Student: 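My questions will all concern the structure given below.
In what follows, every chain begins at residue 1, and chains take the letters A, B, ... in the order their sequences are listed. This structure is a prediction, so every number in the text was calculated from the model and none was measured.
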Protein chains: 2
Amino acid sequence: MDILDILKRNNLSVTDSRKKILEMFHHADGALAHADIEKNSSENFDRVTIYRTLQTFETKGIIHTIPTADNSILYALCKEECSQGHHRDNHIHFICDSCNTTYCLDHVPYSSIHLPEGFTENRTDIIVSGICHKCH
Amino acid sequence: MDILDILKRNNLSVTDSRKKILEMFHHADGALAHADIEKNSSENFDRVTIYRTLQTFETKGIIHTIPTADNSILYALCKEECSQGHHRDNHIHFICDSCNTTYCLDHVPYSSIHLPEGFTENRTDIIVSGICHKCH
DNA sequence: TAATTTTTGCAACATAATTGCATTTATTAT
DNA sequence: ATAATAAATGCAATTATGTTGCAAAAATTA
(Lines give C-alpha, C1' and ligand atoms only; values in the text may rest on other atoms or scores of the structure.)
Protein backbone atom coordinates (compact mmCIF):
# COMPACT_ATOMS: atom_id res chain seq x y z
CA MET A 1 0.00 0.00 0.00
CA ASP A 2 1.61 3.12 -1.26
CA ILE A 3 0.47 6.48 -0.02
CA LEU A 4 1.55 8.31 -3.13
CA ASP A 5 -0.17 5.76 -5.27
CA ILE A 6 -3.48 6.25 -3.57
CA LEU A 7 -3.36 9.97 -4.06
CA LYS A 8 -2.32 9.77 -7.69
CA ARG A 9 -4.83 7.08 -8.52
CA ASN A 10 -7.50 9.46 -7.31
CA ASN A 11 -6.21 12.52 -9.13
CA LEU A 12 -5.39 14.31 -5.95
CA SER A 13 -2.44 16.59 -5.78
CA VAL A 14 0.16 15.37 -3.37
CA THR A 15 0.36 17.65 -0.40
CA ASP A 16 1.93 17.40 2.98
CA SER A 17 -1.28 17.18 4.94
CA ARG A 18 -2.80 14.57 2.69
CA LYS A 19 0.27 12.40 2.95
CA LYS A 20 0.47 12.74 6.70
CA ILE A 21 -3.19 12.10 7.30
CA LEU A 22 -3.18 9.06 5.05
CA GLU A 23 -0.19 7.78 6.96
CA MET A 24 -1.98 8.23 10.23
CA PHE A 25 -4.79 6.06 8.94
CA HIS A 26 -2.34 3.50 7.72
CA HIS A 27 -0.61 3.23 11.05
CA ALA A 28 -3.76 3.44 13.10
CA ASP A 29 -5.03 0.18 14.41
CA GLY A 30 -8.55 1.17 13.60
CA ALA A 31 -10.62 4.19 12.79
CA LEU A 32 -9.88 7.79 13.57
CA ALA A 33 -12.05 10.70 14.51
CA HIS A 34 -11.42 14.25 13.43
CA ALA A 35 -10.30 14.99 16.97
CA ASP A 36 -7.74 12.17 16.92
CA ILE A 37 -6.12 13.64 13.88
CA GLU A 38 -6.16 17.11 15.28
CA LYS A 39 -4.60 16.12 18.58
CA ASN A 40 -2.24 13.36 17.53
CA SER A 41 -0.40 15.17 14.84
CA SER A 42 2.91 16.51 15.92
CA GLU A 43 2.72 18.88 13.03
CA ASN A 44 -0.53 20.65 13.46
CA PHE A 45 -2.74 21.14 10.53
CA ASP A 46 -5.47 23.68 10.58
CA ARG A 47 -8.82 22.31 11.68
CA VAL A 48 -10.27 23.34 8.38
CA THR A 49 -7.65 21.46 6.43
CA ILE A 50 -8.51 18.31 8.31
CA TYR A 51 -12.19 18.71 7.63
CA ARG A 52 -11.57 19.27 3.98
CA THR A 53 -9.08 16.46 3.65
CA LEU A 54 -11.41 13.97 5.28
CA GLN A 55 -14.21 15.07 3.05
CA THR A 56 -12.09 14.76 -0.06
CA PHE A 57 -10.94 11.31 0.93
CA GLU A 58 -14.47 10.25 1.60
CA THR A 59 -15.89 11.38 -1.72
CA LYS A 60 -12.99 9.71 -3.48
CA GLY A 61 -13.70 6.47 -1.69
CA ILE A 62 -10.40 6.37 0.15
CA ILE A 63 -11.96 6.39 3.57
CA HIS A 64 -15.44 5.67 4.82
CA THR A 65 -17.44 6.92 7.77
CA ILE A 66 -18.64 4.89 10.70
CA PRO A 67 -21.59 6.22 12.67
CA THR A 68 -21.29 5.99 16.43
CA ALA A 69 -23.75 6.38 19.23
CA ASP A 70 -21.81 9.13 20.90
CA ASN A 71 -22.10 11.64 18.18
CA SER A 72 -18.66 11.43 16.76
CA ILE A 73 -18.01 10.37 13.22
CA LEU A 74 -15.22 7.90 12.75
CA TYR A 75 -13.27 7.39 9.56
CA ALA A 76 -11.45 4.31 8.37
CA LEU A 77 -9.53 3.32 5.28
CA CYS A 78 -11.58 1.63 2.60
CA LYS A 79 -10.59 -1.63 1.04
CA GLU A 80 -10.15 -1.89 -2.69
CA GLU A 81 -13.77 -2.12 -3.68
CA CYS A 82 -14.81 1.39 -2.82
CA SER A 83 -15.23 3.88 -5.59
CA GLN A 84 -16.32 7.45 -5.99
CA GLY A 85 -19.87 7.98 -4.98
CA HIS A 86 -20.74 4.58 -3.74
CA HIS A 87 -18.97 2.83 -0.94
CA ARG A 88 -18.82 -0.89 -0.66
CA ASP A 89 -17.51 -1.19 2.82
CA ASN A 90 -19.76 -4.06 3.60
CA HIS A 91 -18.27 -5.06 6.84
CA ILE A 92 -19.12 -4.94 10.47
CA HIS A 93 -17.52 -2.34 12.70
CA PHE A 94 -16.54 -3.14 16.23
CA ILE A 95 -15.87 -0.44 18.80
CA CYS A 96 -14.15 -1.44 22.02
CA ASP A 97 -15.79 0.07 25.07
CA SER A 98 -12.54 -0.12 26.93
CA CYS A 99 -9.73 1.07 24.67
CA ASN A 100 -12.00 2.72 22.16
CA THR A 101 -10.31 1.15 19.18
CA THR A 102 -12.53 0.65 16.20
CA TYR A 103 -12.04 -2.45 14.09
CA CYS A 104 -13.25 -3.15 10.60
CA LEU A 105 -14.25 -6.81 10.80
CA ASP A 106 -13.82 -7.62 7.16
CA HIS A 107 -14.25 -11.33 7.49
CA VAL A 108 -17.22 -11.54 9.76
CA PRO A 109 -20.21 -12.58 7.69
CA TYR A 110 -23.75 -11.43 8.23
CA SER A 111 -26.91 -12.28 6.45
CA SER A 112 -28.67 -9.69 4.40
CA ILE A 113 -31.59 -7.94 5.96
CA HIS A 114 -35.04 -8.43 4.59
CA LEU A 115 -36.86 -5.11 4.81
CA PRO A 116 -40.64 -4.76 4.92
CA GLU A 117 -42.63 -4.07 1.75
CA GLY A 118 -41.96 -0.63 0.35
CA PHE A 119 -38.61 -0.08 1.97
CA THR A 120 -35.46 -0.13 -0.13
CA GLU A 121 -31.94 -0.24 1.15
CA ASN A 122 -29.21 2.14 0.21
CA ARG A 123 -26.67 1.68 2.93
CA THR A 124 -26.37 -0.58 5.94
CA ASP A 125 -24.22 0.02 8.98
CA ILE A 126 -23.64 -2.62 11.59
CA ILE A 127 -21.82 -1.40 14.66
CA VAL A 128 -21.06 -3.76 17.48
CA SER A 129 -19.56 -2.50 20.68
CA GLY A 130 -18.08 -4.50 23.51
CA ILE A 131 -14.66 -5.64 24.62
CA CYS A 132 -11.94 -6.37 22.11
CA HIS A 133 -9.36 -9.14 22.15
CA LYS A 134 -6.67 -6.89 23.60
CA CYS A 135 -8.73 -5.71 26.53
CA HIS A 136 -9.78 -9.07 27.86
CA MET B 1 -48.52 3.27 28.08
CA ASP B 2 -48.81 5.84 30.80
CA ILE B 3 -46.47 8.78 30.88
CA LEU B 4 -46.73 9.26 34.62
CA ASP B 5 -46.15 5.62 35.19
CA ILE B 6 -42.92 5.64 33.29
CA LEU B 7 -41.57 8.54 35.28
CA LYS B 8 -42.62 7.10 38.62
CA ARG B 9 -41.32 3.65 37.84
CA ASN B 10 -37.95 5.23 37.28
CA ASN B 11 -37.93 7.38 40.38
CA LEU B 12 -38.02 10.56 38.40
CA SER B 13 -39.86 13.54 39.70
CA VAL B 14 -42.74 14.51 37.50
CA THR B 15 -42.06 17.79 35.81
CA ASP B 16 -43.61 19.64 32.96
CA SER B 17 -40.73 19.21 30.55
CA ARG B 18 -40.34 15.54 31.23
CA LYS B 19 -44.01 14.93 30.63
CA LYS B 20 -44.06 16.96 27.45
CA ILE B 21 -40.93 15.43 26.00
CA LEU B 22 -42.12 11.92 26.75
CA GLU B 23 -45.38 12.74 25.05
CA MET B 24 -43.53 13.97 21.99
CA PHE B 25 -41.78 10.64 21.74
CA HIS B 26 -45.02 8.83 22.19
CA HIS B 27 -46.68 10.70 19.37
CA ALA B 28 -43.68 10.73 17.09
CA ASP B 29 -43.72 8.33 14.22
CA GLY B 30 -40.11 7.49 14.73
CA ALA B 31 -37.07 8.82 16.47
CA LEU B 32 -36.38 12.38 17.46
CA ALA B 33 -33.26 14.46 17.49
CA HIS B 34 -32.51 17.11 20.02
CA ALA B 35 -33.27 19.70 17.37
CA ASP B 36 -36.69 18.22 16.66
CA ILE B 37 -37.66 18.62 20.25
CA GLU B 38 -36.31 22.11 20.44
CA LYS B 39 -38.15 23.30 17.35
CA ASN B 40 -41.35 21.32 17.56
CA SER B 41 -42.35 22.18 21.06
CA SER B 42 -44.87 24.99 21.21
CA GLU B 43 -43.80 25.62 24.76
CA ASN B 44 -40.12 26.13 24.53
CA PHE B 45 -37.88 24.49 26.95
CA ASP B 46 -34.37 25.66 27.46
CA ARG B 47 -31.84 23.82 25.30
CA VAL B 48 -30.09 22.73 28.44
CA THR B 49 -33.22 21.22 29.90
CA ILE B 50 -33.67 19.16 26.78
CA TYR B 51 -30.11 17.91 26.90
CA ARG B 52 -30.47 16.97 30.51
CA THR B 53 -33.84 15.36 30.08
CA LEU B 54 -32.65 13.22 27.19
CA GLN B 55 -29.63 12.14 29.15
CA THR B 56 -31.71 11.24 32.16
CA PHE B 57 -34.12 9.25 30.04
CA GLU B 58 -31.29 7.43 28.40
CA THR B 59 -29.52 6.39 31.57
CA LYS B 60 -32.84 5.22 32.95
CA GLY B 61 -33.46 3.11 29.89
CA ILE B 62 -36.55 5.01 28.80
CA ILE B 63 -35.10 6.02 25.47
CA HIS B 64 -32.16 4.75 23.46
CA THR B 65 -29.81 6.41 21.05
CA ILE B 66 -29.46 5.60 17.39
CA PRO B 67 -26.16 6.37 15.74
CA THR B 68 -26.41 8.05 12.37
CA ALA B 69 -23.94 8.65 9.62
CA ASP B 70 -24.43 12.38 9.65
CA ASN B 71 -23.35 12.94 13.18
CA SER B 72 -26.68 13.63 14.73
CA ILE B 73 -27.87 11.50 17.59
CA LEU B 74 -31.40 10.25 17.37
CA TYR B 75 -33.43 9.07 20.30
CA ALA B 76 -36.33 6.67 20.39
CA LEU B 77 -38.49 5.13 23.06
CA CYS B 78 -37.33 1.81 24.38
CA LYS B 79 -39.56 -1.17 24.52
CA GLU B 80 -40.17 -2.88 27.83
CA GLU B 81 -36.98 -4.83 28.04
CA CYS B 82 -34.60 -1.96 28.59
CA SER B 83 -33.26 -1.29 32.01
CA GLN B 84 -30.85 1.06 33.68
CA GLY B 85 -27.40 0.66 32.32
CA HIS B 86 -28.13 -1.95 29.76
CA HIS B 87 -30.31 -1.47 26.77
CA ARG B 88 -31.99 -4.29 24.97
CA ASP B 89 -33.26 -2.49 21.96
CA ASN B 90 -32.48 -5.31 19.65
CA HIS B 91 -34.09 -4.07 16.54
CA ILE B 92 -33.05 -2.63 13.25
CA HIS B 93 -33.31 1.09 12.65
CA PHE B 94 -34.26 2.43 9.28
CA ILE B 95 -33.63 6.03 8.30
CA CYS B 96 -35.33 7.38 5.21
CA ASP B 97 -32.99 9.37 3.01
CA SER B 98 -35.92 11.32 1.66
CA CYS B 99 -38.23 12.28 4.52
CA ASN B 100 -35.72 11.57 7.23
CA THR B 101 -38.11 9.59 9.35
CA THR B 102 -36.49 6.96 11.50
CA TYR B 103 -38.28 3.69 12.03
CA CYS B 104 -37.67 1.08 14.66
CA LEU B 105 -38.20 -2.14 12.73
CA ASP B 106 -39.14 -4.31 15.64
CA HIS B 107 -40.23 -7.25 13.61
CA VAL B 108 -37.43 -7.53 11.12
CA PRO B 109 -35.27 -10.48 12.09
CA TYR B 110 -31.55 -10.68 11.74
CA SER B 111 -29.16 -13.41 12.54
CA SER B 112 -26.79 -12.95 15.41
CA ILE B 113 -23.28 -11.95 14.59
CA HIS B 114 -20.43 -14.27 15.28
CA LEU B 115 -17.48 -12.23 16.47
CA PRO B 116 -13.87 -13.37 16.22
CA GLU B 117 -12.14 -15.02 19.18
CA GLY B 118 -11.59 -12.65 22.05
CA PHE B 119 -14.29 -10.19 21.17
CA THR B 120 -17.43 -9.97 23.25
CA GLU B 121 -20.57 -8.12 22.35
CA ASN B 122 -22.25 -5.57 24.52
CA ARG B 123 -24.44 -3.71 22.12
CA THR B 124 -25.26 -4.03 18.44
CA ASP B 125 -26.65 -1.30 16.24
CA ILE B 126 -27.94 -2.01 12.78
CA ILE B 127 -28.85 1.08 10.83
CA VAL B 128 -30.24 0.78 7.35
CA SER B 129 -30.85 3.86 5.28
CA GLY B 130 -32.74 4.12 2.03
CA ILE B 131 -36.26 5.01 0.96
CA CYS B 132 -39.24 4.28 3.15
CA HIS B 133 -42.68 3.07 2.13
CA LYS B 134 -44.18 6.56 2.24
CA CYS B 135 -41.60 8.08 -0.07
CA HIS B 136 -41.82 5.61 -2.90
C1' DT C 1 11.04 28.24 -15.07
C1' DA C 2 6.62 30.68 -15.70
C1' DA C 3 1.64 30.25 -15.79
C1' DT C 4 -2.16 28.04 -13.97
C1' DT C 5 -4.65 25.44 -10.82
C1' DT C 6 -5.33 23.64 -6.37
C1' DT C 7 -4.78 23.58 -1.52
C1' DT C 8 -3.92 25.73 2.68
C1' DG C 9 -4.47 28.74 6.72
C1' DC C 10 -6.59 32.59 8.75
C1' DA C 11 -10.56 35.18 10.19
C1' DA C 12 -15.18 35.38 10.89
C1' DC C 13 -19.17 33.16 11.66
C1' DA C 14 -22.68 29.69 12.96
C1' DT C 15 -24.25 25.93 15.53
C1' DA C 16 -24.00 22.48 19.17
C1' DA C 17 -22.97 21.05 23.78
C1' DT C 18 -21.38 21.61 28.74
C1' DT C 19 -20.93 23.72 33.40
C1' DG C 20 -21.93 26.52 37.59
C1' DC C 21 -25.13 28.79 40.08
C1' DA C 22 -29.29 31.12 41.60
C1' DT C 23 -34.24 30.51 41.18
C1' DT C 24 -38.10 27.77 40.77
C1' DT C 25 -40.61 23.59 41.20
C1' DA C 26 -41.53 19.00 43.06
C1' DT C 27 -41.33 15.77 46.82
C1' DT C 28 -41.16 14.46 51.62
C1' DA C 29 -42.00 14.98 56.39
C1' DT C 30 -44.50 17.21 59.83
C1' DA D 1 -52.00 21.82 54.26
C1' DT D 2 -47.74 23.67 55.07
C1' DA D 3 -42.82 23.90 55.93
C1' DA D 4 -38.41 21.76 55.03
C1' DT D 5 -35.78 19.40 51.85
C1' DA D 6 -34.39 17.81 47.54
C1' DA D 7 -34.40 18.07 42.66
C1' DA D 8 -34.98 20.30 38.22
C1' DT D 9 -34.97 24.41 35.52
C1' DG D 10 -33.25 28.54 33.13
C1' DC D 11 -29.77 31.83 32.44
C1' DA D 12 -25.09 33.25 31.53
C1' DA D 13 -20.73 32.02 30.35
C1' DT D 14 -17.71 28.90 28.22
C1' DT D 15 -16.07 25.38 25.22
C1' DA D 16 -16.36 22.42 21.31
C1' DT D 17 -17.62 21.57 16.58
C1' DG D 18 -18.40 22.72 11.88
C1' DT D 19 -18.69 26.04 7.72
C1' DT D 20 -17.53 29.81 4.38
C1' DG D 21 -14.83 33.39 1.87
C1' DC D 22 -10.65 34.93 0.60
C1' DA D 23 -5.72 35.89 0.18
C1' DA D 24 -1.26 33.49 0.43
C1' DA D 25 1.27 29.39 -0.45
C1' DA D 26 2.15 25.20 -2.69
C1' DA D 27 1.57 21.80 -6.41
C1' DT D 28 0.80 20.79 -11.12
C1' DT D 29 1.03 21.77 -15.97
C1' DA D 30 2.75 23.99 -19.96
Student: Sort out for me which residue in E58(B), R123(B), H93(B) forms a side chain to side chain donor-acceptor pair (under 3.5 Å) with H64(B).
Tutor: H93(B)
Student: Could you state the atom-to-atom distance from CG of L54(A) to P of dT7(C) in whole Å?
Tutor: 15 Å
Student: What integer distance in Å separates E38(B):CD from dT18(C):P?
Tutor: 13 Å
Student: Would you say the side chain of L54(A) lies within less than 4.5 Å of the side chain of I37(A), judging by non-hydrogen atoms?
Tutor: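 Yes, close enough: below the 4.5 Å cut-off.
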Student: For the pair made of OH in Y51(B) and C1' in dT15(D), what is the distance, rounded to whole Å?
Tutor: 12 Å
Student: Assign R18(B) to base, sugar-phosphate, or nothing according to its heavy-atom contacts below 4.0 angstrom with the strands shown.
Tutor: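 Touches sugar-phosphate only.
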Student: Check the side chains of S72(A) and H34(A) for a donor-acceptor pair under 3.5 angstrom, ignoring hydrogens and angles.
Tutor: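 No, no side-chain donor-acceptor contact under 3.5 Å.
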Student: Mapping V48(B) and L12(B) onto DNA chain D by nearest heavy atom, which one lands closer to the 5' end?
Tutor: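 Upstream on the strand: L12(B).
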Student: Send over the distance from N11(A) CG to dA27(D) P, rounded to a whole Å.
Tutor: 18 Å
Student: Without decimals, in angstroms, what is the distance between I37(A) CD1 and dT17(D) C1'?
Tutor: 15 Å
Student: 5'-most contact on DNA chain C: H34(B) or D46(A), nearest heavy atom basis?
Tutor: D46(A)
Student: Check the distance between dT24(C)'s P and F45(B)'s CZ and give it to me in whole angstrom.
Tutor: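 Roughly 19 Å, once rounded to whole Å.
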Student: Figure out the CD1/P separation between I50(A) and dA16(D), and round it to whole Å.
Tutor: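 About 15 Å, once rounded to whole Å.
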Student: Looking at side-chain heavy atoms only, is the closest gap between H133(B) and E117(A) below 4.5 Å?
Tutor: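 In short, these two side chains do not touch, never coming nearer than 4.5 Å.
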Student: Base, sugar-phosphate or nothing for S17(B)? Non-hydrogen atoms, less than 4.0 Å.
Tutor: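 Answer is sugar-phosphate: S17(B) comes under 4.0 Å of backbone atoms only.
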Student: Send over the distance from R47(A) CZ to dC13(C) P, rounded to a whole Å.
Tutor: 17 Å
